[in-house]
Amino acid sequence: MVCSKTLGLVFGLRLRQAEGLLESVLQLMGLALAVPDHTTLSRRARMAICREAARKSGSTCRTVACSGGQHRPAGLRRGRLEEKHGARSRRGWRKLHLALDADSGEIVAHTLTDKDAGDVSQVAPLLDQIGGPIAQFTADGAYDGKPTYDAVIDHSAAAAIVIPPRDNAVEPSDDRPPGQRNRHIAAINSDGRMKWQVSNGYGKRSLVETAIGRYKSIIGRRLRARSLPGQQTEVAIGCAVLNRMLACARPKAVRRKAATP
């Protein structure tokens, strides 16, 4: 079932087309294997699947970048314009939240939610998918706030959190030791926001935006499944496909180094 769904996502095929393609491939290979029909694929797509572990348990992602994007069956731009201007539509849009290993470009965690779920609410679910501790968590200003800092510290107490504070953020006036956010505010007030971004490696956050664009270009802007569980399964397979493509594109020396525990 996963093989048929994978072929459909990679080649932009509907379920019936993916079924026919897989049957032809098996015939050419001389394998007498049964292929699930398209109705079975549609029905099983509603079932939860085991996520492919991007990292072995206990391993470390040095830098994790987090962000989110929107997907809908009719396309991203049209969906957002309809939401903005109040046009009615039978179809809603979904939010895809990704966490990326900024060193390798690999998608290490993902969630798909409805349009009303906030980005901050998905920080803990994303981090729960990462087995080992992280050294740095990077995200844009939409994640600024105590809930994000608490979620990251609960997962990795020693993690550096690189999130730009709001423009109107001020340093606290009490005598408590300054936290990471307060140090960011002081550095920006002293040296400027651009220098703060360079010194903290904030530019790596753009890699997750690139990953979202890569998903839309290769897998597609549309979600083929109709139910949310089916769409979550579709996104899980799509992220696994992108990770495999990325692994194949790396030089052999880099792949051997990444595989070394």
Hydrophobic cluster membership, with links at side-chain heavy-atom distances under 4.5 Å among I/L/V/M/F/W/Y: are Leu246 and Ile130 in one?
no
Separation between CD (Gln27) and CG (Leu22), nearest 0.5 Å, reads 10.0 Å
Indicate, with yes or no, if Leu28 and Leu26 share a hydrophobic cluster defined by side-chain heavy-atom contacts under 4.5 Å among Ile, Leu, Val, Met, Phe, Trp and Tyr.
no
Checking side-chain hydrogen bond (donor to acceptor under 3.5 Å, both in side chains) between Thr111 and each of His97, Gln122, Gln129, which is the one that passes?
Gln122
Between CG on residue Leu98 and CG on residue Leu207, distance to nearest 0.5 Å
12.5 Å
For Val162 and Lys204, run side chain to side chain contact (heavy atoms under 4.5 Å, CB included): C-alpha distance rounded to whole Å, both residues' side-chain angles, the deciding distance at 0.1 Å, then the answer.
CA-CA 10 Å; Val162 181; Lys204 288 189 174 183; over 6 Å; no
Nearest heavy-atom neighbours spanning Ile185 and Val170:
CD1-O, 3.7 Å
For the student: nearest non-hydrogen atoms of His155 and Gly132, plus distance
CE1-O, 3.2 Å
Would you check if Val152 and Gln180 make a side-chain contact, meaning some heavy-atom pair closer than 4.5 Å?
no
Counting N and O atoms only, with roles assigned by atom type, does the side chain of Ser190 sit under 3.5 Å from a partner on the main chain of Ala186, one being a donor and the other an acceptor?
no
For the atom pair CG (Leu96) and CD1 (Ile212), what is the distance rounded to the nearest 0.5 Å?
6.0 Å
Mind checking whether Trp196 and Tyr202 have parallel, tilted or perpendicular rings, split at 30° and 60°?
tilted
Give me the atom names and distance for the closest heavy-atom approach of Gly141 to Ile163.
CA-CG2, 4.4 Å
Scanning both residues in full, the closest heavy-atom pair of Ser156 with Pro133 reads OG-CA, 3.4 Å
Pair Asn243, Val108 - check side chain to side chain contact (heavy atoms under 4.5 Å, CB included), show working.
CA-CA 9 Å; Asn243 284 341; Val108 295; over 6 Å; no
What's the spacing between His184 NE2 and Asn189 CG if we round to 0.5 Å?
13.0 Å
Walk me through it: do Ile219 and Ile237 pass the test side chain to side chain contact (heavy atoms under 4.5 Å, CB included)?
CA-CA 10 Å; Ile219 306 301; Ile237 296 175; over 6 Å; no
Is there a chain of hydrophobic side chains (I, L, V, M, F, W, Y, each step under 4.5 Å between heavy atoms) that links Val198 to Ile188?
no
Separation between CD1 of Ile107 and CZ of Arg214, rounded to the nearest 0.5 Å:
6.5 Å
Contact between Val235 and Cys239 at the side-chain level, heavy atoms closer than 4.5 Å - yes or no?
yes
Derivation of the side chain to side chain contact (heavy atoms under 4.5 Å, CB included) call for Phe137 and Thr148:
CA-CA 10 Å; Phe137 178 89; Thr148 301; 4.0 Å; yes
Any side-chain heavy atom of Arg193 sitting closer than 4.5 Å to one from Pro164?
yes
Starting at CD1 of Ile161, measure out to CZ of Arg181 and round the result to the nearest 0.5 Å.
11.5 Å
Minimum heavy-atom distance Tyr149-Gly145, with the two atoms named
CD1-O, 3.1 Å
Note: Thr138 and Gln136 closest approach over all heavy atoms is OG1-NE2, 3.0 Å
For a side chain to side chain contact (heavy atoms under 4.5 Å, CB included) with Lys95, tell me which candidate from Asp119, Leu112, Asp114, Asp116 qualifies.
Asp119
